[in-house]
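Accompanying notes for the structure given below.
The figures here come from the full heavy-atom set of this structure, side chains too, leaving out hydrogens, waters and symmetry mates. Whatever order the structure lists ligands and atoms in, that order sets their numbers, starting from 1.
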Amino acid sequence: MATAWVIAEQRDGALAPVTAELVTVARDVADEVRVVVAGDGAGAASSLAAYGVSEIIDLGPLDSVLPGPVLGASVARLVGEEPSVVIGAQTYTGRDALGRASALLGAPVLTNAVAVRREGDQVLTEHQIFGGTMVATAAAELRGHVLVGVRPKSVAAVAAAAPTAPSVRVVEPALDVPGVVVTVVDRQREEREGPSLDEAAIVVSGGRGLGKPEAYQMIEELAALLGGAPGASRAIVDAGWVPYAYQVGQTGTTVKPDLYIAVGISGATQHLVGMKGAKHIVAINKDKDAPIFQVADLGIVADASSLLPRVIEAVRARQAAS
Ligand SMILES: Cc1cc2nc3c(=O)[nH]c(=O)nc-3n(C[C@H](O)[C@H](O)[C@H](O)COP(=O)(O)OP(=O)(O)OC[C@H]3O[C@@H](n4cnc5c(N)ncnc54)[C@H](O)[C@@H]3O)c2cc1C
């Protein structure tokens with residue numbers, strides 16, 4: 001069996017949860033999993049031991065450069081001649097890394113996969129198409145290297161049958177490859193309180209049915225009261241009501257919270273594909289035939305502008321009483 005190389009995804013210097021998802025996928029396609037991380041190799045070794053990783057390759061912190069291209073060039077240098085599967089997340093950094101590695105290795109990259117498996121010498125990947133209404137399966141021959149971008153939250157992170165004690169190897173990053181160094185001159189941190197959209201246990205999302213941008217404040221208020229994150233449909237992102245970072249769906253973030261509350265969202269397939277994995281879905285829409293009700297566990301036919309203030313009041317009252 002070939003080796004799988006996982007490009008770790010990091011956030012604020014720590015491993016992002018998607019890394020364990022990628023390692024879970026990697027175990028299914030290879031019998032040895034190595035993880036390439038930019039700094040904190042020891043931390044990665046301890047948090048990934050439960051997932052059956054054999055080695056952590058630590059490139060050291062890549063704080064002053066855009067990490068993706070350097071990660072990609074470093075992986076291209078590490079993989080060697082033997083066929084291997086390189087797995088990254090379908091994120092800004094993961095896409096940069098896979099694209100760079102693909103170009104340097106002359107190897108195919110299968111993007112936006114929601115499932116990956118191995119059949120003999122083939123790596124099979126599944127991709128949602130037509131707004132998630134169909135799944136296409138692609139097959140790549142594992143004669144050389146096969147690169148795969150996996151969509152976050154499409155695979156559950158599962159611990160290995162037996163934990164490992166991964167060794168940590170410190171390797172110089174490939175900063176000398178022409179064109180990979182993009183220097184970071186400034187960082188802007190988006191103001192946010194509460195959990196991030198992709199990790200929140202509760203997501204409250206608003207759509208065009210809110211009627212006007214100011215009404216989105218109610219979405220933020222309810223999300224904050226419930227300890228969740230606010231989200232949005234693309235319609236109100238495109239309209240400029242909220243930033244793109246709030247968008248849930250095919251071209252936004254995929255969420256899998258315990259509870260997803262959709263307010264004034266019709267339930268277009270491109271939205272559903274990003275949230276239908278939620279454990280419980282509550283939908284508020286004034287149209288009883290809105291497609292969102294087909295995936296909702298609890299559907300409320302109501303005008304959002306009059307119902308939302310009452311919901312917020314009720315949650316406040318309940319919290320005050322407890
Ligand atoms: C390639 C592509 C990618 C896309 N990616 C995404 C994506 O990632 N995420 C995404 O969300 N969309 C995406 N879209 C857009 C998607 O097709 C829909 O256009 C979008 O999701 C609609 O947003 P909406 O439900 O807020 O608006 P609408 O479709 O306009 O629906 C508004 C809903 O609000 C209800 N409503 C109206 N007034 C009230 C009221 N007073 N109270 C309660 N309910 C009310 C209406 O009954 C309606 O159901 C994509 C489209 C394409 C082509």
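No donor-acceptor pair under 3.5 Å is formed between the side chain of T125 and the backbone N or O of V116. Counting only distance, with no hydrogens or angles, the side chain of D58 and the backbone of A38 share no donor-acceptor pair below 3.5 Å.
In this structure, E32 pairs ionically with R34, as a charged nitrogen and a carboxylate oxygen lie closer than 4.0 Å. Under a 4.0 Å N-O distance rule, the pair D176/R77 qualifies as a salt bridge.
Across all their heavy atoms, V155 and V114 have their closest contact at CG2-O, 3.8 Å.
Within 4.0 Å of ligand 1, heavy atoms belong to protein residues G207, R208, G209, S233, R234, A235, Q247, V248, G249, Q250, T251, G252, G264, I265, S266, A268, Q270, H271, N285, K286, D287, A302, D303, A304.
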Enumerate, atom names and distances included, each donor-acceptor pair closer than 3.5 Å involving a side-chain atom of residues 158-172, sequence neighbours excluded.
residue: T164; atom: OG1; partner: A49; partner atom: O; Å: 3.3
residue: T164; atom: OG1; partner: V53; partner atom: N; Å: 3.2
residue: T164; atom: OG1; partner: V53; partner atom: O; Å: 2.8
residue: R169; atom: NE; partner: E55; partner atom: OE2; Å: 2.7
residue: R169; atom: NH2; partner: E55; partner atom: OE1; Å: 3.3

